[in-house]
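This report concerns only the one structure given below.
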Amino acid sequence: MAFQPLYDISVIEKPIKAALGNENTETTIAILEGIRLAMNNYCTFRMPIVLTDEAIERLGLNEDTDENPNPDEMVDPEHDFTLRTLHNDETNKDWLVAFTSEEESKKGPESAIYTVPLFDILPRVAGIDAVEGIVINPWGTAFTLRRSMIEEILRINNPESQIFFNLGDITTLECDAIVNAANERLTGGGGVDGAIHQVAGKRLNKACSELGGCKTGEAKITKGYDLKARYIIHTVGPVYKGKGDEASYLAECYLNSLNLAMEHNIHSIAFPAISTGAYKFPAEEAASIALDIASQWLELHSEYGMQVIFCCHDQDMLDIYQRVLSDMTKQMNPPDLQGPVDLALQIPKADE
Ligand code: APR
């Protein structure tokens, strides 16, 4: 599958800057969520290193000059360098150092730099008892990422089971299945339905005509025909009339589509924003239902491994989904990410 990573390293920088002077559980969670997203989107850290003498000789670098070449791709990370550390005299422990940008790394003493993806370095750091964690941007808006925090990020992150976003046309996606926002007769129509029928070709019309229609909230499956996706899951969203039962029908669409996908051994599925076009379901509420059902489903089937892609046709819809997701994340119970608790304070005195 080829999805454009949606996030760059600013997903870490922004919450760190926002937290400055206002550190609390919520700002810490925002930073950790940024780090998790950066990790899943192939973002990299710039880590200062000390080259071994052999590497300096082999690379023809002159130790006496102030040159600080970037040894990326010229060195073997296993043998040619060690990562620089900051020593904390108070705890007598070492912290690794990571910069989010060249600008950040140039704010302090220069060093040769190795660029490493977060998905590579974070699991490794989690396994090294000798370091206390990583100090991100120590010369700027420093954030101390303790090992316990890295472990928490890795624990809640299952890259095989995840929500992605895509901006554009769902018919172009290379995933196991795309979902069609169809009508009850499965005859094809306008909007995303029309686009899917057009690209999948005439064989799709024929296959749909043999399915006996599809009730609102239900889901049916056909092959993808001329699409890049192997399957199309057709579901019928509710027409929004403000009667009150539309939300449960829309939830059924997402739930039945995901269940049907699992029955067919589908591991990546892209949804359009069902019912938000011709059927006029308010986008914000629809996004919240979609994200809610998908995240609950992923949690319930965490062993299965499903990539759920929300394909937004325009930037406004993508903004809505991301806003709803970030509100949902804030409401989640914060994991235990606080510093060590001074247990002595919690022991009641004998005479109490
Ligand atoms: N890729 C992704 N999303 C798309 C695409 C596309 N190619 N085209 C449209 N969309 C988006 C719209 O912007 C909207 O947010 O899909 C969402 C759903 O809009 P509709 O396609 O109108 O679907 P819906 O509101 O569920 O109405 C279904 O429309 O075409 C008919 O036969 C269909 O009668 C059914 C009704």
Side-chain angles (χ1 to χ4, degrees), residues 1-4 6 163-202 204-209 211-222 224-229 231-243 245-257 268-291 293-294 307-325:
M1 258 196 319
F3 297 113
Q4 287 278 32
L6 202 65
I163 291 176
F164 292 84
F165 296 100
N166 189 279
L167 178 60
D169 179 0
I170 201 165
T171 63
T172 63
L173 296 183
E174 289 178 49
C175 48
D176 292 346
I178 65 169
V179 175
N180 183 17
N183 56 53
E184 289 198 341
R185 286 161 288 123
L186 297 180
T187 48
V192 70
D193 194 6
I196 289 174
H197 273 265
Q198 191 171 6
V199 179
K202 290 215 172 75
L204 176 61
N205 285 327
K206 185 164 181 298
C208 282
S209 68
L211 290 175
C214 181
K215 292 198 185 112
T216 301
E218 286 184 1
K220 301 230 169 145
I221 191 163
T222 63
Y225 300 104
D226 294 340
L227 285 165
K228 288 176 182 156
Y231 293 102
I232 305 166
I233 291 180
H234 306 263
T235 188
V236 182
V239 179
Y240 193 84
K241 294 187 181 133
K243 281 198 301 190
D245 57 353
E246 293 96 342
S248 56
Y249 280 111
L250 189 60
E252 288 285 303
C253 288
Y254 285 98
L255 189 60
N256 288 329
S257 299
S268 56
I269 181 169
F271 285 95
I274 300 165
S275 277
T276 62
Y279 285 177
K280 302 209 162 9
F281 204 111
E284 192 125 356
E285 193 188 340
S288 154
I289 292 166
L291 286 164
I293 297 294
Q307 298 188 325
V308 179
I309 303 112
F310 288 108
C311 179
C312 301
H313 205 214
D314 52 56
Q315 185 66 45
D316 286 352
M317 187 63 85
L318 181 60
D319 290 344
I320 290 172
Y321 267 85
Q322 296 197 320
R323 201 167 53 240
V324 170
L325 183 64

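All ligand and atom numbering here is 1-based and tracks the order in the structure.
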Considering the heavy atoms of Gly189, write down every atom of ligand 1 situated less than 4.0 Å from one of them.
30 (O), 32 (O)
Contact (N/O only, under 3.5 Å) between Gly194 and ligand 1:
no
Determine whether Tyr279 and Tyr240 make a side-chain contact, defined as any pair of heavy atoms from C-beta on separated by less than 4.5 Å.
no
As an exercise, identify every atom of ligand 1 less than 4.0 angstrom from a heavy atom of Gly168.
1 (N), 2 (C)
Considering only the protein, which heavy-atom contact is closest to atom 7 (N) of ligand 1, and what is its distance?
Asp169 OD1, 2.8 Å
If you measure from atom 26 (O) of ligand 1 to every heavy atom of Ser275, Cys253, Gly237, which option wins on shortest distance?
Ser275
Answer yes or no: is there a side-chain heavy-atom contact under 4.5 Å between Val179 and Tyr254?
no
In terms of residue, atom name and distance, what is the protein heavy atom nearest to atom 14 (C) of ligand 1?
Thr276 OG1, 3.3 Å
Contact (N/O only, under 3.5 Å) between Ala278 and ligand 1:
yes
N/O of Gly277 under 3.5 Å from N/O of ligand 1, yes or no?
yes
Out of Leu250, Thr235, Ile170, indicate the one that has the non-hydrogen atom closest to atom 1 (N) of ligand 1.
Ile170
Taking only heavy atoms of Asp193, which atoms of ligand 1 are found under 4.0 Å from at least one of them?
30 (O), 32 (O), 33 (C)
Any side-chain heavy atom of Thr235 sitting closer than 4.5 Å to one from Asn256?
no
To the closest 0.5 Å, what do you measure between CE (Met317) and OG1 (Thr276)?
3.5 Å
Could you tell me the separation between the CD1 atom of Ile178 and the CG atom of Leu227, rounded to the nearest 0.5 Å?
4.5 Å
Atoms of ligand 1 less than 4.0 Å from Met317 heavy atoms?
15 (O)
What I want to know is whether Tyr279 and ligand 1 share at least one N or O pair that is separated by under 3.5 angstrom.
yes
For ligand 1, which atoms have a heavy atom of Asn183 less than 4.0 angstrom away?
32 (O), 34 (O), 35 (C)
For ligand 1 and Asp314, I'd like to know whether there is a polar contact (N/O to N/O, distance under 3.5 Å).
no
Going by heavy-atom distance to atom 4 (C) of ligand 1, choose the closest among Lys280, Glu184, His197, His313.
His313
Selected option - heavy-atom contact closest to atom 23 (O) of ligand 1, from Ala181, Gly191, Ala283, Pro272
Ala181
Between His234 and His197, what is the ring plane arrangement, given parallel below 30°, perpendicular above 60°, and tilted in between?
tilted
Using distance alone, determine whether Gly190 and ligand 1 share an N or O pair under 3.5 Å.
yes
Per the salt bridge (Lys or Arg N to Asp or Glu O under 4.0 Å) rule, what does the pair list look like for residues 271-288, sequence neighbours excluded?
Glu284-Arg323
